[in-house]
Amino acid sequence: MASLRRRRHQNGPRHAGVVLLHGIAGRSLMLRPLEKRLQRAGFATLNLDYESRKKPLERLAEDIHPAITDFAAAIDGPIHFVTHSMGGLLARVTIGRHRPPRLGRVVMLGTPNGGSEVADRLQNVALYRAYFGPAGLQLVTKNNVALASLPPADYEIGVIAGNRFLDPIAGLFLLPWPNDGRVSVESCKFAEMTDYTVIKASHMGLLVHPTSFRQTVAFLRDGQFEPASPLLRGVIAEIGRRAAS
């Protein structure tokens, strides 16, 4: 626990709080732009750093549990989670083990709920195992005991996936298309999600994309993402009609 660093802000009303969890090998600083947007929307925030490369998900959940408990005690209303990449898996494990008494909604950006094909290919590579550690081996597409043992998610989950990539090797050859260069759109989905949306952004771009900000706030407030504009819906429908003809 000594290495767990907290970035806590309560500049908004006490009636709703958001716990932010970065991905593997990430830092809380990466979620700072999204955190600022949440604060402007009136949410109190807890943006955590944790030892993502040194421990499995189960132990990481135990590490962050005390900080979340303290944060929740200072909030009068629901406690939401907003997560990036592996942070979404950590949120699922944390909620399964230490569910906040006033659990709200969960937003996952680029989370490999179905596992990562990149992890499948690299799991036996010594450099990958050394750098990403125990949690990195839990990102494979099969046999994730930590997730398989969880009870069904009976809370609202919004999934945001990206369909642009910067790494052509992973994006074109290692991952099913469409993908964000690290996680495929299909892998982001899972049976218990409430809603999902796809954004034209890469895996890291999801953290700074204006649409990510807007859709995250929309789901936390309403339990669903904003629909595409009427013009965009018309364009998508026309593309579908032409493809079918």
Side-chain angles (χ1 to χ4, degrees), residues 1-7 19-32 34 47-68 81-98 108-150 161-162 164-177 179-188 190 201-208:
M1 277 293 293
S3 63
L4 182 67
R5 294 203 299 274
R6 310 178 186 184
R7 292 176 56 88
V19 177
L20 294 103
L21 297 174
H22 61 75
I24 194 165
R27 308 301 299 173
S28 62
L29 185 63
M30 296 175 178
L31 277 74
R32 185 66 179 128
L34 180 52
N47 190 0
L48 289 172
D49 276 312
Y50 61 93
E51 296 179 314
S52 60
R53 297 191 298 114
K54 297 182 179 180
K55 300 177 182 180
L57 292 169
E58 302 92 324
R59 289 182 59 190
L60 293 172
E62 298 304 315
D63 282 354
I64 67 175
H65 166 55
I68 295 172
F81 286 77
V82 170
T83 68
H84 180 242
S85 197
M86 191 191 78
L89 304 183
L90 178 56
R92 288 173 60 187
V93 174
T94 300
I95 293 168
R97 287 171 166 250
H98 303 290
M108 300 177 177
L109 297 98
T111 292
N113 285 296
S116 168
E117 293 83 2
V118 174
D120 287 348
R121 291 174 177 265
L122 299 180
Q123 61 180 313
N124 294 318
V125 176
L127 184 60
Y128 176 88
R129 297 171 70 95
Y131 184 76
F132 289 106
L137 298 179
Q138 293 179 301
L139 300 181
V140 295
T141 58
K142 297 179 180 179
N143 301 322
N144 190 330
V145 177
L147 297 180
S149 62
L150 292 175
R164 296 292 186 270
F165 55 83
L166 301 178
D167 177 359
I169 295 177
L172 293 173
F173 303 110
L174 299 183
L175 292 164
W177 192 88
N179 64 76
D180 65 9
R182 291 293 178 267
V183 182
S184 69
V185 169
E186 201 60 33
S187 184
C188 287
F190 74 118
S202 66
H203 193 63
M204 297 306 298
L206 287 169
L207 293 177
V208 295

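Note that the numbering runs from 1 along the sequence shown for the chain.
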Reported [atom1]-to-[atom2] distance for the pair [X] and [Y], which is rounded to 0.5 angstrom:
X: Y50; Y: T94; atom1: OH; atom2: OG1; result: 9.0 Å
X: L174; Y: N179; atom1: CG; atom2: CG; result: 9.0 Å
X: R121; Y: T141; atom1: CZ; atom2: OG1; result: 11.0 Å
X: M86; Y: I24; atom1: CE; atom2: CD1; result: 4.5 Å
X: F165; Y: L175; atom1: CZ; atom2: CG; result: 9.0 Å
X: H22; Y: N47; atom1: NE2; atom2: CG; result: 8.0 Å

Indicate the atoms forming the closest heavy-atom contact of [X] with [Y], along with that distance.
X: D167; Y: R182; value: OD2-NH1, 3.5 Å
X: P134; Y: P56; value: CB-N, 3.7 Å
X: L60; Y: E51; value: CD2-O, 3.2 Å
X: P176; Y: S184; value: O-CB, 3.7 Å
X: A135; Y: S52; value: CB-O, 3.5 Å
X: D180; Y: H203; value: OD2-ND1, 2.8 Å

Could you check whether any side-chain heavy atom of [X] comes within less than 4.5 Å of a side-chain heavy atom of [Y], counting everything from C-beta outward?
X: M108; Y: C188; result: no
X: F81; Y: I95; result: yes
X: L139; Y: V118; result: no
X: E58; Y: R97; result: yes
X: L20; Y: L48; result: no
X: T111; Y: H84; result: no
X: H65; Y: H98; result: yes
X: L89; Y: Q138; result: no

Could you tell me whether the side chain of [X] and the main chain of [Y] form a donor-acceptor pair under 3.5 Å?
X: Y128; Y: G133; result: no
X: R129; Y: N124; result: no
X: S116; Y: V183; result: no
X: R53; Y: Y131; result: yes

message: Whether the D49 and S28 side chains hold a donor-acceptor pair (N or O, under 3.5 Å, no angle test) is what I'd like checked.
response: yes
- request: Would you kindly say whether N113 and R92 are connected by a side-chain donor-acceptor distance under 3.5 Å?
  value: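 Side chains of N113 and R92: pair found under 3.5 Å.
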message: Let's go through T83 and L109 carefully: what are the C-alpha distance in whole Å and the side-chain angles of both, what is the deciding distance for side-chain contact (heavy atoms from CB on, under 4.5 Å) to 0.1 Å, and is it a yes or a no?
response: CA-CA 6 Å; T83 68; L109 297 98; 5.7 Å; no
message: The test is side-chain contact (heavy atoms from CB on, under 4.5 Å); show your working for M30 and M204 and say whether it passes.
response: CA-CA 9 Å; M30 296 175 178; M204 297 306 298; 3.7 Å; yes
Test: D120 and K142 ion pair at under 4.0 Å: no
message: Please determine whether salt bridge (Lys or Arg N to Asp or Glu O under 4.0 Å) holds for the pair K55 and D63, giving the CA-CA distance in whole Å, both sets of side-chain angles, and the decisive distance to 0.1 Å.
response: CA-CA 10 Å; K55 300 177 182 180; D63 282 354; 2.7 Å; yes
